[in-house]
Each structure stands twice: as structure tokens, then as C-alpha cells.
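Since the structure is predicted, the reported quantities are computational estimates derived from the model, not experimental observations.
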Amino acid sequence: FSCLDRLVSIDSRMKGATKANREHIRTAWTQLAELDQWMNVVMSQTISDSAKSDAILAQESAILDTAGNLSAVSELKNVVNSEPLTVVGDLSSKLKPLVPVHLEQVQRCGDIQEDVRCLSESYNQALGLLSEQFVALANVVSELERRKQDKCK
């Protein structure tokens with residue numbers, strides 16, 4: 001490859017890389033003037049244009065991230081404005097009578113939980129007493145079997 005061929009190749013790659021973003025670049029340059037207006041008058045007088053450009057370029061990734069996030073938000077705007085979400089206000093009037101019913105159900109659920117807890121404690125106590133009686137009976141049976149063996153010897 002000659003030097004000219006390489007330059008043509010580089011030029012075509014640069015044009016291809018920036019072709020899709022030309023509109024974004026144009027928009028960014030037009031917004032640079034708007035950004036200039038927002039900057040503090042004192043700052044604009046003391047900071048050169050190259051320093052401003054450097055500051056903007058230093059924050060390029062943050063600006064691109066913000067632009068991507070704003071783009072995502074604008075794409076999702078139709079989801080927020082969709083019919084299922086817009087009728088939520090109408091549904092609140094239909095749900096209002098159910099609030100006392102729900103509160104009553106929550107109270108009944110708490111009462112049932114307390115009843116179940118008391119019944120579980122009673123069951124565990126009865127089972128514990130029954131187990132103690134079985135152990136005592138097993139000891140009595142063992143003692144009787146031991147006495148019987150002692151008599152047989």
C-alpha cells in the first residue's frame with residue numbers, strides 16, 4: 001500500500017464511523033452555543049473556548065450516559081402513558097369499598113394465627129405429657145421384667 005492508499009482507507013473508515021452520528025454532532029455543536037449562554041458570565045469571560053471544550057470532552061462519557069438514559073426514558077414514555085396505567089385512577093374508586101373488607105380480613109388472619117399458636121402450644125404440652133407417661137410406663141414395664149427375671153433365676 002502506498003501512503004495515499006492508506007490515507008484514503010483511513011478517510012473512508014472515519015467517514016463510516018461518523019456517518020451515523022453526524023446529526024448528533026451537529027446537534028451537539030448547536031447546543032454548545034446554548035451551553036455557552038447558561039454558563040456564568042464571569043466564567044465565560046475568564047475561561048477560554050478551548051478550556052470549555054476540554055471540560056466538555058472530559059465529561060464526554062457522562063454526557064453520553066445521560067443522553068442514553070434520556071433516550072431510554074423518552075422511549076418508555078408511551079409505557080407510562082399507556083391505557084392500563086391511565087385507568088388506575090378510575091380503579092381507586094372501585095377499590096375503596098374493599099379497604100374495610102381487607103382490614104377485617106387482616107384482623108381475622110391475626111386472630112386465626114393467635115388461635116393456631118395457642119392450639120400448637122396445647123398440642124405440644126399434651127404430647128410432652130404423653131411422652132413422659134410413656135417413659136414412666138416403659139420404666140415400670142422394665143422394672144417388672146427385671147423382677148420377673150430375678151425370680152426365675
Side-chain angles (χ1 to χ4, degrees), residues 13-44 46-153:
R13 284 190 286 166
M14 288 294 288
K15 284 181 181 176
T18 59
K19 187 175 186 179
N21 294 324
R22 282 183 195 209
E23 187 58 36
H24 295 297
I25 293 169
R26 282 190 197 116
T27 305
W29 279 113
T30 56
Q31 290 175 347
L32 187 59
E34 185 180 329
L35 182 64
D36 223 11
Q37 292 173 355
W38 286 99
M39 292 185 99
N40 188 346
V41 174
V42 175
M43 293 288 283
S44 65
T46 59
I47 296 177
S48 67
D49 288 342
S50 64
K52 291 177 192 176
S53 297
D54 290 342
I56 292 171
L57 290 175
Q59 293 297 318
E60 179 183 14
S61 63
I63 292 169
L64 291 175
D65 288 343
T66 304
N69 291 338
L70 288 173
S71 174
V73 166
S74 67
E75 289 174 6
L76 295 174
K77 189 187 291 185
N78 61 349
V79 173
V80 174
N81 295 331
S82 66
E83 183 184 348
L85 292 179
T86 55
V87 296
V88 168
D90 299 337
L91 294 177
S92 66
S93 63
K94 293 178 182 177
L95 293 175
K96 203 169 198 172
L98 296 177
V99 170
V101 173
H102 175 67
L103 292 175
E104 179 187 337
Q105 289 175 343
V106 168
Q107 178 63 40
R108 283 188 11 213
C109 181
D111 294 343
I112 290 171
Q113 285 177 337
E114 182 63 26
D115 291 346
V116 168
R117 187 187 62 76
C118 290
L119 289 172
S120 293
E121 285 178 6
S122 297
Y123 172 79
N124 288 337
Q125 287 175 353
L127 199 56
L129 290 173
L130 192 59
S131 295
E132 288 175 9
Q133 288 178 352
F134 276 128
V135 169
L137 275 171
N139 289 339
V140 168
V141 169
S142 296
E143 180 63 29
L144 290 175
E145 287 176 347
R146 187 185 57 79
R147 286 183 188 172
K148 183 178 178 184
Q149 285 178 353
D150 286 345
K151 279 187 180 179
C152 291
K153 288 184 183 180

_Ser120 OG to Leu127 CG distance, which is reported to the nearest 0.5 Å_ = 11.5 Å

*Examine distances only and state if a side-chain atom of Ser142 and a backbone atom of Ala138 form a donor-acceptor pair shorter than 3.5 Å.*
yes

*Find the distance between OG (Ser131) and CG (Asn124) and round it off to the nearest 0.5 Å.*
10.0 Å

_Side-chain touch Glu132/Val135, heavy atoms, less than 4.5 angstrom_ = no

*Say you draw a straight line from CG of Leu95 to NE2 of His102; how long is it, rounded to the nearest 0.5 Å?*
11.5 Å

*Check whether any side-chain heavy atom of Glu60 lies under 4.5 Å from a side-chain heavy atom of Ile63, and answer yes or no.*
no

Would you be so kind as to tabulate the donor-acceptor pairs closer than 3.5 Å made by side chains of residues 106-116, with sequence neighbours excluded?
unit_1	atom_1	unit_2	atom_2	d
Gln107	NE2	Asp111	OD1	3.1
Glu114	OE1	Arg117	NE	3.4
Glu114	OE2	Arg117	NE	3.4
Glu114	OE2	Arg117	NH2	2.3

*asked:* Could you work out, with salt bridge (charged side-chain N to carboxylate O under 4.0 Å, His left out) as the rule, every residue matching Arg146, not counting sequence neighbours?
replied: Glu143, Asp150

